[in-house]
Structures are given as structure tokens and as C-alpha cells.
Novice: 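One structure is given below, represented as C-alpha cells, and several questions about it will come after.
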Amino acid sequence: TVENTQAETIQTYEFLVSFSQEQSIPLINPHGLVETIFMGSKRVIFFGSLWTEICPEIAELSHMDKKKIGASNVLFLRSVEEFLKTPFQKRQMMTILDGWR
């Protein structure tokens, strides 16, 4: 027998961050980026605390928090380094992703 399976597409959004000489905060203007992400994605994972400055919808989330934004299930990982070093967090993330199926 042959099963008809539909592969899910993973989209990665990257952008460059420039820093002002007068300020220590990044100057970010990814016009329409956040709207595009939430309109076209069922599941979104944000890696890095910089996203809280770009996307106010996730600003109140702490590390490994999740919430529903529009049609998107959102998971926020504030510290990429901590996530990479901690097997428990990887298992926790996989449990969350499995629950979104």
C-alpha cells in the first residue's frame, strides 16, 4: 500500500540588524515581516530575545512560553544558547510541537 503524506514546509525568516552609532539598540524595520509570519504559518518558533523588540505580541512571553496569535501557535525561546545546551528543553519543545499536530 502507498500512503499519501503531505510534507510540511519549514520557512526560515532571517534579517540583518544594523546598529546606530548613537544608540546601543538595533535599528530594525522588517516591514510586514511579522504580519507575513502570522498570516501564513500554523506553527511559529521565535529564537532569540531580539524578537520581543520586533514583535510586541510576544514581548510578555518568557523562555519556552507558548501562546496562540491569530491562526498561529507560537513558541518563544529567549536564549538559543541555553536551549542548545539543555536536553530537557529540547524534549520540552518536541512535546509542545507534538501537541500542536
Side-chain angles (χ1 to χ4, degrees):
T1 61
V2 177
E3 291 185 31
N4 184 9
T5 59
Q6 181 179 352
E8 292 189 36
T9 303
I10 297 175
Q11 293 179 318
T12 303
Y13 295 92
E14 297 181 24
F15 55 91
L16 297 175
V17 178
S18 60
F19 289 87
S20 165
Q21 291 184 3
E22 298 87 28
Q23 301 172 348
S24 61
I25 60 170
L27 300 174
I28 305 167
N29 189 13
H31 182 68
L33 175 65
V34 173
E35 293 80 7
T36 301
I37 292 171
F38 292 135
M39 285 175 49
S41 304
K42 293 180 183 178
R43 293 174 285 277
V44 181
I45 303 172
F46 289 99
F47 284 94
S49 59
L50 184 59
W51 278 106
T52 59
E53 298 175 30
I54 300 168
C55 181
E57 294 90 345
I58 66 167
E60 78 279 359
L61 295 180
S62 60
H63 184 65
M64 296 296 289
D65 270 353
K66 60 183 178 174
K67 88 183 247 189
K68 184 92 167 174
I69 300 176
S72 301
N73 289 305
V74 175
L75 176 62
F76 177 59
L77 290 91
R78 188 172 294 274
S79 171
V80 176
E81 293 80 12
E82 182 181 338
F83 173 76
L84 292 174
K85 292 178 183 177
T86 312
F88 173 75
Q89 289 185 12
K90 292 176 189 154
R91 285 191 303 270
Q92 186 179 7
M93 183 182 88
M94 295 308 291
T95 301
I96 291 168
L97 295 178
D98 188 51
W100 287 352
R101 290 181 171 208

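Side-chain atoms are counted along with the backbone in the values below, which use heavy atoms only and exclude waters and symmetry mates.
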Novice: Look at atom NZ of Lys68 and say whether more than 12 heavy atoms of other residues, nucleotides or ligands are closer to it than 6.0 Å.
Specialist: yes
Novice: Residues two or more places apart in sequence or in another chain: which of them pass side-chain hydrogen bond (donor to acceptor under 3.5 Å, both in side chains) with Ser62?
Specialist: Asp65
Novice: Determine, step by step, whether Leu77 and Met64 satisfy the side-chain contact (heavy atoms from CB on, under 4.5 Å) criterion, reporting the C-alpha distance in whole Å, the side-chain angles of both residues, the deciding distance to 0.1 Å, and the verdict.
Specialist: CA-CA 5 Å; Leu77 290 91; Met64 296 296 289; 3.7 Å; yes
Novice: Do side-chain atoms of Arg78 reach the backbone of Leu61 as a donor and acceptor pair under 3.5 angstrom?
Specialist: yes
Novice: List for me each residue that meets side-chain contact (heavy atoms from CB on, under 4.5 Å) alongside Leu84, sequence neighbours excluded, and say none if there are none.
Specialist: Val80
Novice: With a 4.5 Å cut-off on side-chain heavy-atom distances among I, L, V, M, F, W and Y, is there a chain of contacts connecting Trp100 to Val44?
Specialist: no
Novice: What distance separates Arg91 CZ from Thr86 OG1, expressed to the nearest 0.5 Å?
Specialist: 10.0 Å
Novice: Measuring from Ile69:CD1 to Ile58:CD1, what's the distance to the nearest 0.5 Å?
Specialist: 7.0 Å
Novice: So how far is it from Asn73 CG to Arg43 CZ, rounded to the nearest 0.5 Å?
Specialist: 7.5 Å
Novice: Indicate the atoms forming the closest heavy-atom contact of Phe76 with Ser49, along with that distance.
Specialist: CZ-CA, 4.0 Å
Novice: Which pair of heavy atoms, one from Ser72 and one from Ser41, lies closest together, and at what distance?
Specialist: OG-O, 2.5 Å
Novice: If hydrophobic clusters are built from ILVMFWY residues whose side chains come within less than 4.5 Å, do Met94 and Phe88 share one?
Specialist: no
Novice: Can you tell me how far apart CD1 (Ile96) and CD (Gln89) are? Round to the nearest 0.5 Å.
Specialist: 10.0 Å
Novice: Any donor and acceptor pair, going by atom type alone, linking the side chain of Lys67 with main-chain N or O of Glu57 inside 3.5 Å?
Specialist: yes
Novice: Quick one: CG on Leu97 to CD on Gln92, what's the gap to the nearest 0.5 Å?
Specialist: 11.0 Å
